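Below is one structure, written out as structure tokens; the observations come after it.
The structure displayed is predicted, hence computed values, not measured ones. Each chain gets a letter, A, B and so on, in the order its sequence line appears, and its residues count up from 1.
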2 protein chains.
Amino acid sequence: MTGYSIGEISHLTGLTIDTLRYYERIELLVDIRRNQSGHRCYSDDDLGWLNLLVCLRETGMSIADMTRFAVLIRQGEESVPDRVTLLSKHRQDVLNKIAQMEQKLEGVEAKINHYLEQEKNK
Amino acid sequence: MTGYSIGEISHLTGLTIDTLRYYERIELLVDIRRNQSGHRCYSDDDLGWLNLLVCLRETGMSIADMTRFAVLIRQGEESVPDRVTLLSKHRQDVLNKIAQMEQKLEGVEAKINHYLEQEKNK
DNA sequence: TCTTGACCTTGAGTCCACTCCAGCTTGTAT
DNA sequence: ATACAAGCTGGAGTGGACTCAAGGTCAAGA
């Protein structure tokens, strides 16, 4: 209930402490509570938001787009349709990127097999 | 038979002209033939190598690793097992990364669905 | 009391992968 | 003859996403 320290959040999210402070600087993260001694004190909501950011980052969303999304959220309820649009577009981008990677991976596999053949016939 | 100009190769591979020259500068590409007027003249082998590089790049291999691979190739036949090792490791990395992206994408989809539910109950 | 360790801030630095610039040459079309 | 497109070089600049450094505060334990 007292919230999480930056070190705890770093462990829980996999983001470094420097990255957490950086995200706050660029306003990807706002209004983080502080305790008496000025240390950041993250809430469960903050943790939830960071976990979503990690999902977006790991699926290749740019910081610029994450920032756009964060702005939508700050605009409140009425931006929900826009948020759906943004995330849906991202979802499709990710699916395309995965398909693209799978296709190019075939080229790599063909090369591996070519080398294996070459070794076999020696 | 006369080979391809840098502009043609750019179209064929999707790499920009600047990137092609950059790859040569960092020795990802070596011994590109020149015509009488000093212009690059790429062979079919060069094109094949570039297409493989594109597969590696699009699947997320770093320039540093591509350079290592290029060095192995220049070492000749005896490096074939090492090339297989390098490419196989990359293949596994790509599969892991795709799996990771698919998993994190579920987090994004959950959020989309959450928003859609929220909109429905309004 | 004094030392650790975890935290704080501002500002600068790093790494990667290009990308752009200025000034020059060459070959083809009008 | 001249204009224009496409190419050349060496070197500098860019954008994205962090990452590090220096110097300071604060609370708890030996």
Considering all heavy atoms, the nearest B/I17-B/G7 contact
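Closest heavy-atom pair between B/I17 and B/G7: CD1-CA, 4.2 Å.
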
Nearest non-hydrogen partners of B/A70 and B/E27, listed with the distance:
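Taking B/A70 first and B/E27 second, the nearest heavy atoms are CB-O, 4.4 Å.
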
How many whole angstroms separate atom [atom1] of [X] from atom [atom2] of [N]?
X	N	atom1	atom2	answer
B/I63	C/dC18	CD1	P	5 Å
B/H11	D/dA6	NE2	C1'	13 Å
B/D18	C/dA22	CG	C1'	13 Å
A/L28	D/dC18	CG	P	9 Å
B/L20	C/dT19	CG	P	11 Å
A/E24	C/dT10	CD	P	11 Å
B/I26	D/dG10	CD1	C1'	16 Å
A/R57	D/dA17	CZ	P	10 Å

B/M61 vs B/H39, nearer the 5' end of DNA chain C by closest nucleotide:
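By nearest-heavy-atom nucleotide position, the 5'-most residue is B/M61.
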
Under-4.0 Å side-chain N/O to phosphate OP1/OP2 contact, [X] with [N]:
X	N	value
B/R25	C/dA17	no
A/R34	C/dT9	yes
B/R40	D/dG7	no
B/R21	D/dC8	yes

Begin from the C-alpha positions of B/K89 and B/L86 and carry the test side chain to side chain contact (heavy atoms under 4.5 Å, CB included) through to its verdict.
CA-CA 5 Å; B/K89 181 182 172 312; B/L86 192 152; 6.0 Å; no

Could you check which of D/dA17, C/dC18, D/dC8 has an atom nearest any side-chain atom of A/Y22?
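Nearest to the side-chain atoms of A/Y22, counting from C-beta on, is D/dA17.
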
From D/dG7, C/dC7, D/dC26, nucleotide with atom closest to A/S37 side chain
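Out of D/dG7, C/dC7, D/dC26, the nucleotide with an atom closest to A/S37's side chain is D/dC26.
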
So which one's nearest nucleotide on DNA chain D is more toward 5', A/T16 or B/S5?
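Counting from the 5' end, the first nearest nucleotide belongs to B/S5.
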
Taking the nucleotide of DNA chain D with the nearest heavy atom to each, does A/Q36 or A/T19 sit closer to the 5' end?
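Comparing both residues, the 5'-ward one is A/T19.
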
Partners of B/S43 by side chain to side chain contact (heavy atoms under 4.5 Å, CB included), sequence neighbours excluded?
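For B/S43 the side chain to side chain contact (heavy atoms under 4.5 Å, CB included) partners, ignoring immediate neighbours, are B/R33, B/D45, B/D46.
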
Specify whether B/W49 and B/F69 have parallel, tilted or perpendicular ring planes, treating 30° as the upper limit for parallel and 60° as the lower limit for perpendicular.
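Rings of B/W49 and B/F69: tilted, 30 to 60°.
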
